[in-house]
Structure formats: C-alpha cells, structure tokens
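Take this structure first; my questions come after.
Reckoned from all heavy atoms, side chains included, excluding hydrogens, waters and symmetry mates.
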Amino acid sequence: MIFNITINGEKITRDIPESWDKVTYRQCLDLIKCKEDMAGIVSVLTGIDTDTIRKAQIHNLSTLMAALQFLKKDMTYSMPTSIMGYKLPKDLEGESIAQYSDMEEIVKNFDPDDNLKNLEKYPIIVATYCVNPYDFTQ
C-alpha cells in the first residue's frame with residue numbers, strides 16, 4: 001500500500017507491505033528485532049531511519065496502523081516452487097542422503113531459545129535443496 005511521509009517538508013512516497021508474503025527476508029529478521037517498537041517497525045518497512053520516522057508526519061497514519069495489523073498474526077508462507085530461479089523439489093524424500101545429513105547438522109545446532117538466530121540459518125537450509133546437482137563438498 002502506498003503511503004506518503006513528510007520529512008522536513010519533503011514528501012516521500014513508500015510502498016509498505018500489507019501481508020507477510022510481501023515482507024522481504026531481511027525485513028522479517030529486522031522486524032523480529034524491533035519487537036513492539038512501532039517507529040522501528042515503520043523504519044524497517046520504509047527504509048527510513050528510526051529517529052527520522054519518530055519526527056516524520058505520516059499522512060493517513062491510522063490507515064498505516066490498520067495495514068500493519070498483519071504483523072500481529074503468525075507468519076504463514078506457502079511453499080515456493082522456485083527461489084531466485086532455482087527449482088525446489090516438491091518432495092524432499094527423493095533427495096540425496098548428503099542433503100539430508102547437511103540439513104540435520106544445521107537443525108541440530110538450532111537454539112530453542114533464539115528464533116531469530118534459527119531464522120538466520122534459513123538461507124543455507126533453502127540452498128541445500130535448491131542447488132542441483134547438490135555438492136556436499138562446497
């Protein structure tokens with residue numbers, strides 16, 4: 001959704017996500033760090049630093065707050081069929097033992113108390129199944 005933000009008299013237009021499927025991976029990690037800090041959240045989604053956002057005039061602020069209600073819901077993603085041009089397998093059971101072993105090693109090191117740290121490992125998990133043919137030595 002397009003929002004206008006005025007900073008020092010200058011109008012800036014930003015397209016702000018209204019659902020989890022429009023949030024980038026980087027934004028997702030940064031949003032987790034924000035917790036309940038609304039200025040931090042708006043900063044992440046607009047790319048404007050937090051101190052500037054705190055001072056900014058945001059037109060239709062109530063509309064923006066309503067659009068951000070999706071942040072209170074659990075992240076739900078549908079399984080993509082490809083990532084950055086790499087096709088993902090539909091069934092992981094047909095993949096190699098090397099991929100399974102590498103994935104198992106990554107998951108074994110998950111921290112049950114640190115979801116952010118676990119989410120940061122997501123790209124390597126995805127890459128394990130995206131790259132074809134898989135080379136466990138790389």
Note to self: Applying side chain to side chain contact (heavy atoms under 4.5 Å, CB included) to T128 and I106, what does each step give before you reach the verdict?
What the structure shows: CA-CA 10 Å; T128 300; I106 295 164; 4.2 Å; yes
Margin query: How about NZ on K121, more than 12 heavy atoms from neighbouring residues, nucleotides or ligands closer than 6.0 Å, or not?
Written below: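 Count over threshold, so yes.
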Check: Is there a donor-acceptor pair closer than 3.5 Å between any side-chain N or O of S96 and the backbone N or O of Q99?
Finding: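 Yes; judged by distance alone, with no hydrogens or angles, the pair exists.
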Notebook entry, point to check: Are more than 12 heavy atoms from other residues, nucleotides or ligands located less than 6.0 Å from atom CG of D114?
Noted result: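 Counting neighbours around CG of D114, more than 12 heavy atoms of other residues, nucleotides or ligands fall under 6.0 Å, so yes.
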Item checked: Donor on one side chain, acceptor on other, T13 and N4, under 3.5 Å ->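 A pair is found: one side chain offers a donor N or O, the other an acceptor, under 3.5 Å apart.
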Notebook entry, point to check: Backbone N or O of I97 within a donor-acceptor pair of the S101 side chain at under 3.5 Å?
Noted result: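 Side chain of S101 to backbone of I97, a donor-acceptor pair under 3.5 Å: yes, one is there.
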Margin query: Once side-chain contact (heavy atoms from CB on, under 4.5 Å) is applied, do any residues pair with E105, and if so which ones, sequence neighbours excluded?
Written below: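 In terms of side-chain contact (heavy atoms from CB on, under 4.5 Å), with neighbours along the sequence ignored, E105 is linked to K108, N109.
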Check: Charged N to carboxylate O under 4.0 angstrom, D49 versus K55?
Finding: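 Salt bridge between D49 and K55, a charged N being under 4.0 Å from a carboxylate O: no.
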Could you give the side-chain donor-acceptor pairs of residues 63-73 under 3.5 Å, partners two or more places apart or in another chain?
from	atom 1	to	atom 2	distance (Å)
Q69	NE2	M65	O	3.1

Next item on the list: Would you check if I125 and M103 make a side-chain contact, meaning some heavy-atom pair closer than 4.5 Å?
Entry: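 When only atoms from C-beta onward are counted, M103 and I125 do touch, with a gap below 4.5 Å.
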Next item on the list: Any chance you could measure I16, atom CD1, to T46, atom OG1, to the nearest 0.5 Å?
Entry: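 Those atoms lie 6.0 Å apart.
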Item checked: Exam field: side chain N118 to backbone D111, donor-acceptor pair closer than 3.5 Å ->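 At least one qualifying donor-acceptor pair exists.
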Notebook entry, point to check: Judged by atom type as modelled, is there a donor-acceptor pair below 3.5 Å linking the side chain of T50 to the main-chain atoms of G40?
Noted result: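 Such a contact is absent between T50 side chain and G40 backbone.
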Next item on the list: For the residue pair L45 and L31, establish whether any side-chain heavy-atom pair is separated by less than 4.5 Å.
Entry: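 Yes; the side chains approach each other to less than 4.5 Å.
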Checklist line | Reference residue S43; test side chain to side chain contact (heavy atoms under 4.5 Å, CB included); the match among D51, D30, T52, I53 | finding: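 That would be I53; it is the only one of D51, D30, T52, I53 passing the side chain to side chain contact (heavy atoms under 4.5 Å, CB included) with S43.
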Check: Do V42 and I58 come close enough that some side-chain heavy atom pair is under 4.5 Å?
Finding: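 Yes, their side chains come closer than 4.5 Å.
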Margin query: I'd like to know whether OH of Y25 has more than 12 heavy-atom contacts from other residues, nucleotides or ligands below 6.0 angstrom.
Written below: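 Counting other residues, nucleotides and ligands, OH of Y25 exceeds 12 neighbours.
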Note to self: Checking the side chain of D15 only, and the main-chain atoms of M1 only, is there a donor and an acceptor separated by less than 3.5 Å?
What the structure shows: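 Yes; at least one donor-acceptor contact below 3.5 Å.
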Checklist line | Expected output: side-chain R14 to main-chain F3 donor-acceptor under 3.5 Å | finding: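 No: the side chain of R14 does not pair with the backbone of F3.
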Notebook entry, point to check: Which residue, N115, L29, I32, forms the side chain to side chain contact (heavy atoms under 4.5 Å, CB included) with E120?
Noted result: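 Exactly one option meets the side chain to side chain contact (heavy atoms under 4.5 Å, CB included) with E120, and it is L29.
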